[in-house]
Amino acid sequence: MLTNIRSETGVEYVTQAMGESENLDNTIMRTMLFDFYGDLLTEKQREYYDLHFNSDLSLQEIAEQSGVSRQAVWDIIRRAEQSLFEIEEKTGLVSRAVRRRKSLEELEKMISLLPEDENKAEILRIIEELND
């Protein structure tokens, strides 16, 4: 479930996919959302979002490269981010992936405490495969 937090700079989103007390960093969440759903954005949204968050270009730099205003760039990026979070709210794929990874890590820790036998190595291999 995603929680919206309003601030003076706009809308920031924090995920609670990992549990009530653990939140993903906004940067990591943005990256994951873009990786999962970026292809669903328009070409301009995808380009500006990628340049701003992944290539770390400022709004002004993107505006100058694209020949548009800084405000136009901000609006497109904001709409792209809103779309990504709306898709996540509907599908929950990122949240499930985060929960799955955490569960597999916990399982791996538990299994590593067990005595060595022929099945332990195979189980750990399968867990690692599922984590990739």
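Counting begins at 1 with the first residue of the sequence.
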May I ask you to check whether F34 and Y49 place their ring centers less than 6.0 Å from one another?
-> yes
Could you measure the distance from the [atom1] atom of [X] to the [atom2] atom of [Y]? Nearest 0.5 Å is fine.
| X | Y | atom1 | atom2 | result |
| --- | --- | --- | --- | --- |
| M29 | M32 | CE | CE | 7.0 Å |
| D35 | I28 | CG | CD1 | 12.0 Å |
| M110 | I127 | CE | CD1 | 9.5 Å |
| S103 | R101 | OG | CZ | 11.5 Å |

Reference residue F53; test side-chain contact (heavy atoms from CB on, under 4.5 Å); the match among I77, N26, L33, T27 = I77
Between L57 and H52, which heavy-atom pair has the shortest distance, and what is it?
-> O-ND1, 2.9 Å
Listed partners of [X] passing side chain to side chain donor-acceptor pair (under 3.5 Å), at least two apart:
| X | value |
| --- | --- |
| E116 | K120 |
| T42 | Q45 |
| Q60 | E64 |
| S58 | E61 |

E86 and K90 ion-paired at < 4.0 Å | no
Quick one: side-chain contact (heavy atoms from CB on, under 4.5 Å) partners of [X], sequence neighbours excluded?
| X | result |
| --- | --- |
| I87 | Y37, L40, T91 |
| I126 | E122, L130 |
| N119 | D117, I123 |
| S69 | Q71, A72 |

Please list, chain by chain and in numerical order, all residues satisfying salt bridge (charged side-chain N to carboxylate O under 4.0 Å, His left out) with E43, sequence neighbours excluded.
-> none
Side-chain donor or acceptor of S112 paired with backbone N/O of K109 under 3.5 Å | yes
Beyond-backbone contact of [X] with [Y], side-chain heavy atoms, under 4.5 angstrom:
| X | Y | result |
| --- | --- | --- |
| R30 | N54 | no |
| L84 | E88 | no |
| R79 | L41 | no |
| R46 | D39 | yes |

Any salt bridge (charged side-chain N to carboxylate O under 4.0 Å, His left out) pairs touching residues 65-75, not counting sequence neighbours?
-> D75-R78
Taking only residues two or more places apart in sequence or in another chain, which ones pass ring-ring contact (aromatic ring centres under 6.0 Å, His included) with Y48?
-> none
